[in-house]
**Student:** 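Quick one: structure below, then a few questions.
Only this structure's heavy atoms are used, side chains among them; waters, hydrogens and symmetry mates stay out. No experiment lies behind these values; they were computed from the predicted model shown.
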Number of protein chains: 2
Amino acid sequence: MNAGVDDRRASILRAVIEAYINSAEPVGSAHVASLPGIGVSSATIRSEMNALEAEGYLQQPHTSAGRVPTERGYRRYVDELMTSIDVGPERIDRVDHFFNHAHLEIEELLSSTSRLLTSITDCAAVVTGPSPQRTHVLSVQLVSLGGRAVLIVVVDANGSVEKRTMEWPSEPEERHLIEIGTILTNHFRNREVREVDDIPHSPDAMVDTLIPACILAAKEAVRGAERDGVFIDGASRVVRAFDALETVRGIISILERHYMVVSLMRSILSKGQGVAIGSEHGLSSLRECAVIVAPYRVDGVQVGTVGLIGPTRMNYGSVIGVAQLVSEGLGKRLSEG
Amino acid sequence: MNAGVDDRRASILRAVIEAYINSAEPVGSAHVASLPGIGVSSATIRSEMNALEAEGYLQQPHTSAGRVPTERGYRRYVDELMTSIDVGPERIDRVDHFFNHAHLEIEELLSSTSRLLTSITDCAAVVTGPSPQRTHVLSVQLVSLGGRAVLIVVVDANGSVEKRTMEWPSEPEERHLIEIGTILTNHFRNREVREVDDIPHSPDAMVDTLIPACILAAKEAVRGAERDGVFIDGASRVVRAFDALETVRGIISILERHYMVVSLMRSILSKGQGVAIGSEHGLSSLRECAVIVAPYRVDGVQVGTVGLIGPTRMNYGSVIGVAQLVSEGLGKRLSEG
DNA sequence: GTTGGCACTCGGTAGACTTAACTGCTAAAG
DNA sequence: CTTTAGCAGTTAAGTCTACCGAGTGCCAAC
């Protein structure tokens, strides 16, 4: 078993996987042999495919069928066999055009990014917004909602607004609200919320006693907003790739639960990877899917992610490329402010 | 053809529809004859069913099968045949418990209402929030985002926050922002945004020239927020009721486009109805679904709606009942503030 | 090591037959 | 004139069989 043999075997594996990605049908030796760049007969291919099956990269749905890649096969393909990350010029154009022409509120930007991703890749797309916990605060305001209810409104440097209602000990006075707003704005300004654990003071005793609760509420407002910044689109698109009803239902029910998707993406990233194939991520409803994750950076700091969920037989080269392209574009766009 | 005959025919229609709702399978004459309260033989039922088919209320999937209700059949059932709107005590309890224990921000309230609806009915649930256009404004604030970007933040009486970025003619000065905030807060306070079309003035010339653009931005902020106040849940649940893949795909792709769902509900309401069955609403992807809409009122004014989307063979009595129950509960809850 | 040849294996399709669930019709009974 | 039992007629769905074709594994020859 020398390098030459392994090279050939590898390129046969690549050919099988790419053929399967295109056709979604088991690939036979004759088809591979007919491909340009493969200079050997189908009999040779057969014996190589046999070896690839023994190595766990391919499998046969049944004896008289062609071969289909296993999870392990896809994994190797992504890790070392993929010809190149080839997005295609027209897709690059679409992405460029999108970011050059996007003038939107942050939520609209993220949600249309998600729409862009799904329409380019035919996968379901996930975009998580910049974590408000890690964003600098610009302003804190208090607004009376009537009765003892007070709304605390936090604006951060991304232009996101977080809020939370709190209960005042008694009917709030306008001047207290304004004063606390000013104190908190100065206290939080240009700090990340998670860093703040000291408490400012006021000469006014009444105000002074209220401040700790307000700080707590502001932090909770920001924590609560973490959940909202997830934009998922394209469920109906992924679903086209499958024809087993149970699979479809499983996928939909995961995509519907945004927190599941977020924690899925987090867990993939935390393993230091960008691609999870089939059962690698452990969500059995998505066992026929691959998940691509690409974090994006604002001013050098990773603040959010872009993700794509599609069938394991997706076109990895192009999907991974698009994910990277868009995550870069989004990071750049958000860095400009 | 006297009243007695029509009564019997009607109760046979009712029996067929209810049996079909329970079993999802074509209903035969023998089964209807065996039901309590039907004192005639299957032969008689057959001839009545024949008549009902001629009248367009029933149809046969094929000659040797039982009968299935037509759209027209369901329509008549909903309009005059439905035994009663029967929600069932345990469901009533769940709804009561929900509204008694819900202490949440408005968005969380609406989204968990939507979750409640879908889990009770197994339909997809839609909750549209109170229109911010028709809500009184409590406060308007301006926050500098850096450079010439300024965020205008509008808080309304429901505790919703709307926002919009605008471009300042030059680097904004803090005192201008505060002053305009105060002027606009006073100007908008306790008015509905859509009513405001006059423009307040300021002695400061610089401020005075900026005000019209700010009013515009505030109005756009509110208009833009209209879209966000839609909470849809339970796509994976409706989908369980169907086994044709194309149907499933169609439903998902509609539910994914929130604006389509909103305009669907609006159009049903504008026809003065609360139930649209099959093709009545004109969305071909939902031709196998029925849509139930129930508006809710806050302080006597209709501000939003609750909707349910399920298969045409849903249990109308219970689903309509739940929709009404929840819309009342939600209205009451929001009236308390 | 590579190749053509060949026997073999299965899944899938097509046709024939059977079964079961209904119906509509008819003629007799109420 | 309505209701009913009985029965022949219709059709989808299930079962069985045969057959085809795609694709394999193996082997002898190159």
**Student:** Regarding A:E55 and A:R9, does a basic nitrogen lie under 4.0 Å from an acidic carboxylate oxygen?
**Tutor:** yes

**Student:** Taking atom C1' of D:dA13 as reference, at what distance in whole Å does atom NE2 of B:H62 sit?
**Tutor:**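 Interatomic distance, NE2 of B:H62 to C1' of D:dA13: 9 Å.
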
**Student:** Which part of the nucleic acid, if any, lies within contact of A:A65, taking any heavy atom under 4.0 Å across all strands shown: a base, the sugar-phosphate backbone alone, or nothing?
**Tutor:** sugar-phosphate

**Student:** Rounded to the nearest 0.5 Å, what's the gap from CZ on B:R237 to CG on B:L117? Could you check?
**Tutor:** 11.0 Å

**Student:** Looking just at side-chain N and O atoms, do B:S29 and B:R67 make a donor-acceptor pair shorter than 3.5 Å?
**Tutor:**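 Result is no, nothing qualifies.
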
**Student:** Is the distance from OP1 or OP2 of D:dT4 to the nearest side-chain N or O of B:S41 less than 4.0 Å?
**Tutor:**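 Yes, within the criterion.
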
**Student:** Can you tell me the distance, in whole Å, between the CD atom of A:Q60 and the P atom of D:dG23?
**Tutor:**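 Whole-Å distance recorded here is 11 Å.
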
**Student:** Just call it for A:T63: base, sugar-phosphate, or nothing, with non-hydrogen atoms closer than 4.0 Å on any strand.
**Tutor:** sugar-phosphate

**Student:** Looking at residues 21-29 of chain B, who's got a heavy atom less than 4.0 Å off DNA chain C?
**Tutor:** B:G28, B:S29

**Student:** Among D:dT3, D:dA5, D:dT11, find the nucleotide with the atom closest to the side chain of B:T44.
**Tutor:** D:dT3

**Student:** Phosphate oxygens OP1/OP2 of D:dT3: is one of them under 4.0 Å from a side-chain N or O of B:R8?
**Tutor:**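 It does, given that an N or O in the side chain of B:R8 lies less than 4.0 Å from OP1 or OP2 of D:dT3.
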
**Student:** Return no unless some side-chain N or O of A:N50 is found under 4.0 Å from OP1 or OP2 of D:dG25.
**Tutor:**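 A:N50 to D:dG25 OP1/OP2: side-chain N or O found under 4.0 Å.
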
**Student:** CZ of A:R46 versus C1' of D:dC27: gap in Å, rounded?
**Tutor:**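 Going from CZ in A:R46 over to C1' in D:dC27 covers 12 Å.
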
**Student:** Answer with yes or no after comparing the ring centroid distance for B:Y74 and B:Y316 against a 6.0 Å cut-off, counting only values under it.
**Tutor:** yes

**Student:** Below 4.0 angstrom, N of the basic side chain to O of the carboxylate: do B:E280 and B:R75 qualify?
**Tutor:**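 Salt bridge: yes.
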
**Student:** State plainly whether the residues B:R313 and B:E288 are in salt-bridge range, i.e. N to O under 4.0 Å.
**Tutor:**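 No, B:R313 and B:E288 are not salt-bridged.
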
**Student:** What is the distance, rounded to the nearest whole Å, between atom CD1 of B:I45 and atom C1' of D:dT3?
**Tutor:** 11 Å

**Student:** In whole angstrom, give the distance that lies between atom CD of B:E48 and atom P of D:dT2.
**Tutor:**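 Rounded to the whole Å, the gap is 11 Å.
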
**Student:** Sequence neighbours left out, what passes salt bridge (Lys or Arg N to Asp or Glu O under 4.0 Å) with A:R14? Give chain and number order.
**Tutor:** none

**Student:** Rounded to the nearest Å, what distance is computed from the CZ atom of residue A:R67 to the C1' atom of nucleotide D:dT24?
**Tutor:** 7 Å

**Student:** Does a salt bridge link B:E80 with B:R76, judged by any charged N lying under 4.0 Å from a carboxylate O?
**Tutor:** yes

**Student:** Atom CG in B:L325, atom CG in B:L116: separation rounded to 0.5 Å?
**Tutor:**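 So the gap between those two atoms works out to 9.0 Å.
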
**Student:** With a 4.0 angstrom cut-off to heavy atoms of chain A, pull out the first and last contacting nucleotide of DNA chain C, in 5'-to-3' order.
**Tutor:** C:dT2 to C:dG11

**Student:** Measure from CD on B:Q59 to C1' on D:dT11 and round the result to the nearest Å.
**Tutor:**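 The distance from CD of B:Q59 to C1' of D:dT11 comes to 16 Å, rounded to the nearest Å.
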
